[in-house]
2 protein chains.
Amino acid sequence: MTNSEENYIKEIYKLSLINSNHVTTNEIAYELSTKPPSVSDMLKKLSKKKLINYEKYKGVNLTSKGQNLAIYLTRKHRLWEFFLVNCLKYNWDEVHNIAEQLEHVKSEDLINRLDKFLGFPKIDPHGEPIPDINGVFNYLDSKSLDNLGINNIGKVVGVKTDDTDFLKYLDKINISIGSKLKIIDINKFDQSFEIEIKNQVRNISFDVAKNILILC
Amino acid sequence: MTNSEENYIKEIYKLSLINSNHVTTNEIAYELSTKPPSVSDMLKKLSKKKLINYEKYKGVNLTSKGQNLAIYLTRKHRLWEFFLVNCLKYNWDEVHNIAEQLEHVKSEDLINRLDKFLGFPKIDPHGEPIPDINGVFNYLDSKSLDNLGINNIGKVVGVKTDDTDFLKYLDKINISIGSKLKIIDINKFDQSFEIEIKNQVRNISFDVAKNILILC
DNA sequence: ATTAATTTTTAGTCTAATCTAATTATTTTT
DNA sequence: AAAAATAATTAGATTAGACTAAAAATTAAT
């Protein structure tokens, strides 16, 4: 299994979650910054390996074998992201690139040990669930901050967007994964939130609140 | 810089430390499990990049640019090995393969953060020194256990051989990096050592003692 | 100092992954 | 339902890295 094949599988998986199954050649090419002929070639190859169902001109979807692989790759990626943020103190917006490389290291044992070392985390720094060793997503019922009422307390578990400006803003106002916060008040005029975090009271806009995932 | 180029640079570095400079095509091919023509091709390429000094039929050695690169790769490799052994609890004999892959991840920042996370270690699990961020080896004066006299205390910092049986034996008798041990007695007949480790007295042969690196 | 053996290099082939240009299917529009 | 537009595929070329077989250079042996 080459790195390139792995990247295609991951991308098909990602797109089929959004577009409900039917993934097209052009979409894949666009997302992977490659050209349609390259995709066509690779689809044939992946099809021969029984990782995707492919009929010419008809788009593709993953076989169960392909799906298992995609979930395993997702597991690797998210565990590495967790490591980068929690151990190496990277910001949320900096980890993707490096995790992308780390995820291609070939060793199942390595990943299971990493999982153990990190304490079997269930959610990655972007709030996405991390599949366990059996490929099972142990979803936690996280919701966006704007669903919380006054006086409720929640713990930040992720974000809904990777927008750099947004993540930088969170850093600036001291909100990070694991932060505990409490809704003090909600301004009825603009729906902005008054929250308490680390004994400080701050105001955040409705748009920001909507993009913060919390658990309570 | 491709993975393959990096592997060649590392190998030339390793061989030139042993053979004092003049590294030959066949040696490289043998060590990298490849064939001489492949090496010839790569040498031309590395020469064009000013990483090695290469004259046809005359063997090669690293330029200072190539040497810096080799030291940086060594740094990466040894830091990852340290991580694998100390954080993920791998045995000494299992880490090389995986470190080999991890070392190709492209990010200087990642390595410097890893270094910090690990506490800026100076010696890797095999007792080899880890270059710092400036490529400086901060050698510690480690010596093999058989140089220690009766009643001296030392701390295990590495091993001189990667032989699997040897490493497994050390695991079995509870000797690992960081272990403190004391020489109780030396048997004059076969030069075997009576040592105290973790409040237990054990006997080890001269051959084993010779292959354990300690600091005292 | 020739010949023999060894080492290294060149020449030409192969595979994986990519590309451009051209062709063929499929969809959409009129 | 035919023409136009879009999408996907094939054909053929390119690059990195490796290979085999053959040639050239160097070293060792007689």
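Computation of the quantities below employed the complete heavy-atom set of this structure, encompassing side-chain atoms and omitting hydrogens, waters and symmetry-equivalent molecules. Throughout, a chain's letter reflects where its sequence line sits, starting with A, and its residues are numbered from 1.
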Using a cut-off of less than 4.0 Å, is there contact between a side-chain N or O of [X] and OP1 or OP2 of [N]?
X     : N      : value
B/S4  : D/dA16 : no
A/N26 : D/dT6  : no
B/Y54 : C/dT9  : yes

**Asked** Any side-chain heavy atom of A/E81 sitting closer than 4.5 Å to one from A/W92?
**Response** no
Return yes if some donor-acceptor pair links the side-chain N/O of [X] with the main-chain N/O of [Y] below 3.5 Å, else return no.
X      : Y      : answer
A/R78  : A/I130 : no
A/K50  : A/S47  : no
A/D132 : A/V136 : yes

**Asked** Which residues within residues 33-43 of chain A lie with some heavy atom under 4.0 Å of an atom in DNA chain D?
**Response** A/P36, A/P37, A/S40
Can you check the [X] [atom1] to [N] [atom2] distance for me, whole Å?
X     : N      : atom1 : atom2 : value
A/K44 : D/dA11 : NZ    : C1'   : 10 Å
B/E6  : D/dA16 : CD    : C1'   : 15 Å
B/N7  : D/dA16 : CG    : P     : 17 Å
B/I28 : D/dA18 : CD1   : C1'   : 16 Å
A/E27 : D/dA7  : CD    : C1'   : 12 Å

**Message:** So if I apply the side-chain contact (heavy atoms from CB on, under 4.5 Å) rule between A/R113 and each of B/I98, B/L84, B/L88, which one comes out positive?
**Reply:** B/L88
**Request:** Assess the pair B/H96 and B/H77: is the distance between their ring centroids shorter than 6.0 Å?
**Result:** yes
N/O-N/O pairs, protein side and nucleotides 25-29 of chain D side, under 3.5 Å:
from, atom 1, to, atom 2, distance (Å)
D/dA25, O4', B/Y57, OH, 3.4

**Request:** Might you confirm whether atom NZ of A/K106 has over 12 heavy atoms from other residues, nucleotides or ligands at distances under 6.0 Å?
**Result:** yes
**Message:** Counting neighbours of CG on B/N97 that are heavy atoms of other residues, nucleotides or ligands and sit closer than 6.0 Å, is the number greater than 12?
**Reply:** no
**Request:** Report the relative orientation of the aromatic rings in A/W80 and B/F83; use parallel for angles under 30°, tilted for 30 to 60°, perpendicular for over 60°.
**Result:**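 A/W80 vs B/F83 ring planes: tilted.
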